[in-house]
**Q** 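Dropping the structure in here first, questions after.
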There are 2 protein chains.
Amino acid sequence: MTSSPALNQPPPRVGSLLSRVSRAIRVRSETLLGPIGLRPRHLIALSVLRESGGTTQQALATTLEMDGTNVVGLLNELEGRGLIERRRAAQDRRRHVVELTEIGRLTLEKAESELAAVEDEVLTNLGKDQREQLYVLLQQAVGCAPNYAETLNEC
Amino acid sequence: MTSSPALNQPPPRVGSLLSRVSRAIRVRSETLLGPIGLRPRHLIALSVLRESGGTTQQALATTLEMDGTNVVGLLNELEGRGLIERRRAAQDRRRHVVELTEIGRLTLEKAESELAAVEDEVLTNLGKDQREQLYVLLQQAVGCAPNYAETLNEC
DNA sequence: TATTGTTATACTCTATAACTATA
DNA sequence: TATAGTTATAGAGTATAACAATA
């Protein structure tokens, strides 16, 4: 009896709002990441790889909701900069196992810390607790437990 | 002392997670909206117009984080289908005031109700309360009070 | 002269189809 | 025959530049 929009109705649609907030962050991130030579999508891929710790390209495509052909190009760019590593899977030599390199991990962390300013700006209406809350909700939505450090590979 | 990821650190970055969830919904929405002849971006624009109740194209471009030139094309499509209306502002005849038509409002509502299935699928890990919570956070992030019915034009 | 909207166009993103290699 | 990855390429999305009307 505390929430405002409706009392006992289906949950409201969040798609449009998600797009707007997501886009706001992405647009600003692009200009900020330019000098480093990275783009938002690179960070997304790197962050998925950090949390999954080694996936096949096809699984990555599914997770990123990207077409497999575009994952190839994305990984080429990341591999060219030494941020990720591709190696054939021993069990099935058709597959590439993709992993974050140490440089990739450090680069990701650095980029993330530089993006703090962007998110501070876009999410200025949210307090720290609310941003934490948002993070937990999104993390849960994509299927990871909030403290993903314990879940390791299954993300 | 209750949250898990960190105790007294800056809030975590949500950009990548936002992109992933947003994209997941968008991709599925595209296929579902196809038959109606609408696309996610149309819904986003319509929903902004519904809540702002009449803006200039430039303001719309800012809100949507879109280039003004692309807003023109987007509005052309919506106007062609009778979902929005453009009229010159009396005070400044350079400006177009853009408004949702009644057809536009009904079409938006119908599309939104059809998208329930999509969001149910993508947000299956979130309970109803959590989805409501997510909605409130996003609404607040974009600058609207949770119960925006009261705030009217300033959104 | 500056601003709102428009058009034309180049650039980037994304998906479709055909190919190679492994299974 | 089917699957993982790759390449080439066409379609959609986005931004840059030049223009018309109004201020």
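The structure presented is a predicted model; accordingly, all values stated were derived computationally and were not measured. Below, read A as the first sequence line, B as the second, and so on, with proteins coming before strands; counting in each chain starts at 1. Worth knowing before you read on, the calculation uses all heavy atoms, side chains too, and leaves out hydrogens, waters and symmetry mates.
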**Q** Please report the distance, rounded to the nearest Å, between CG in B/Leu75 and P in C/dT6.
**A**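 It is 8 Å, rounded to the nearest whole Å.
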**Q** Quick check: on DNA chain D, is the nucleotide nearest A/Asn76 upstream (toward 5') of the one nearest A/Asp92, or the reverse? Name the residue that is more 5'.
**A**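 Between the two, 5'-proximity favours A/Asp92.
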**Q** Specify the separation, in whole Å, of atom CZ of A/Arg88 and atom C1' of C/dA21.
**A**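 Whole-Å distance recorded here is 7 Å.
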**Q** Rounding to a whole Å, what distance do you find between A/His42:NE2 and C/dT12:P?
**A**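 Rounded to whole Å, this separation is 13 Å.
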**Q** Mind calculating the distance between CE (A/Met66) and P (D/dA4) to the nearest angstrom?
**A**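 That distance rounds to 17 Å.
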**Q** Just compare C/dG5, C/dT7, D/dT6 and give me whichever is closest to any side-chain atom of A/Val72.
**A**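 Out of C/dG5, C/dT7, D/dT6, the nucleotide with an atom closest to A/Val72's side chain is D/dT6.
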**Q** Look at the side chain of B/Arg95 against the base of C/dT4 and say whether a donor-acceptor pair falls under 3.5 Å; ignore hydrogens and angles.
**A**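 Checked by distance alone, the answer is no.
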**Q** Figure out the CD/C1' separation between B/Glu77 and C/dT7, and round it to whole Å.
**A**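 Rounding to the nearest Å, CD of B/Glu77 and C1' of C/dT7 are 15 Å apart.
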**Q** By nearest atom, which of the nucleotides D/dA15, C/dT4, C/dA23 is closest to the B/Asn70 side chain?
**A**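 Ranking D/dA15, C/dT4, C/dA23 by closest atom to the B/Asn70 side chain puts D/dA15 first.
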**Q** Let me confirm one number: the CZ-CZ distance from A/Arg50 to A/Arg105, rounded to the nearest 0.5 Å.
**A**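 Taking CZ in A/Arg50 and CZ in A/Arg105, the distance rounds to 7.5 Å.
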**Q** Just by distance, no angles: are the side chains of B/Gln58 and B/Arg95 close enough, under 3.5 Å, to form a donor-acceptor pair?
**A**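 Judged by distance alone, the side chains do not pair up.
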**Q** Does a side-chain N or O from B/Arg86 land closer than 4.0 Å to OP1 or OP2 of C/dT6, or not?
**A**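 For C/dT6, OP1 or OP2 has a side-chain N or O of B/Arg86 closer than 4.0 Å.
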**Q** Taking N and O atoms by type only, does the side chain of A/Thr69 place a donor or acceptor under 3.5 Å from a partner on the base of D/dT7?
**A**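 Not at all, since no donor on one side and acceptor on the other fall under 3.5 Å apart.
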**Q** Hey, is the side chain of B/Arg94 pairing donor to acceptor with the base of C/dT3 inside 3.5 Å?
**A**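 For B/Arg94, whose side chain was compared with the base of C/dT3, there is a donor-acceptor pair (under 3.5 Å).
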**Q** Once you round it to whole Å, what is the distance between C1' of C/dA21 and CD of A/Gln91?
**A**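 It works out to 17 Å between those atoms.
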**Q** Could you check B/Gln58 against B/Val27 and say which one's nearest nucleotide on DNA chain C is further toward the 5' end?
**A**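 On the 5' side of the pair lies B/Gln58.
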**Q** Are OP1 or OP2 of D/dG5 and a side-chain N or O of A/Thr56 less than 4.0 angstrom apart?
**A**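 Indeed, a polar side-chain atom of A/Thr56 lies that close.
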**Q** Could you give the distance from CG (B/Leu75) to CD1 (B/Ile84), rounded to the nearest 0.5 Å?
**A**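 The CG atom of B/Leu75 sits 4.5 Å away from the CD1 atom of B/Ile84.
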**Q** Do the side-chain N or O atoms of A/Gln57 get closer than 4.0 angstrom to the phosphate oxygens (OP1, OP2) of D/dA4?
**A**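 It does not, given that no N or O in the side chain of A/Gln57 lies less than 4.0 Å from OP1 or OP2 of D/dA4.
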**Q** With the side chain of B/Asp67 defined as its heavy atoms from C-beta on, choose the nearest nucleotide among D/dT16, C/dG5, C/dA15.
**A**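 From the listed options, D/dT16 comes nearest.
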**Q** Considering heavy-atom distances to DNA chain D, does A/Gly68 or A/Glu30 have its closest nucleotide positioned more toward the 5' end?
**A**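 Its nucleotide being nearer the 5' end, the pick is A/Gly68.
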**Q** Rounded to whole Å, please give me the gap between CG in B/Leu64 and P in D/dA15.
**A**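 Going from B/Leu64 (CG) to D/dA15 (P), I get 12 Å.
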**Q** Output the distance between atom NZ (B/Lys110) and atom CD1 (B/Ile36), rounded to the nearest 0.5 Å.
**A**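 Here the interatomic distance stands at 5.5 Å.
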**Q** To the nearest Å, give me how far apart CG (B/Leu74) and P (D/dA15) are.
**A**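 Nearest whole value for this atom pair: 13 Å.
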**Q** Do A/Leu38 and A/Leu83 touch side chain to side chain, with heavy atoms closer than 4.5 Å?
**A**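 Answer yes - side chains close enough.
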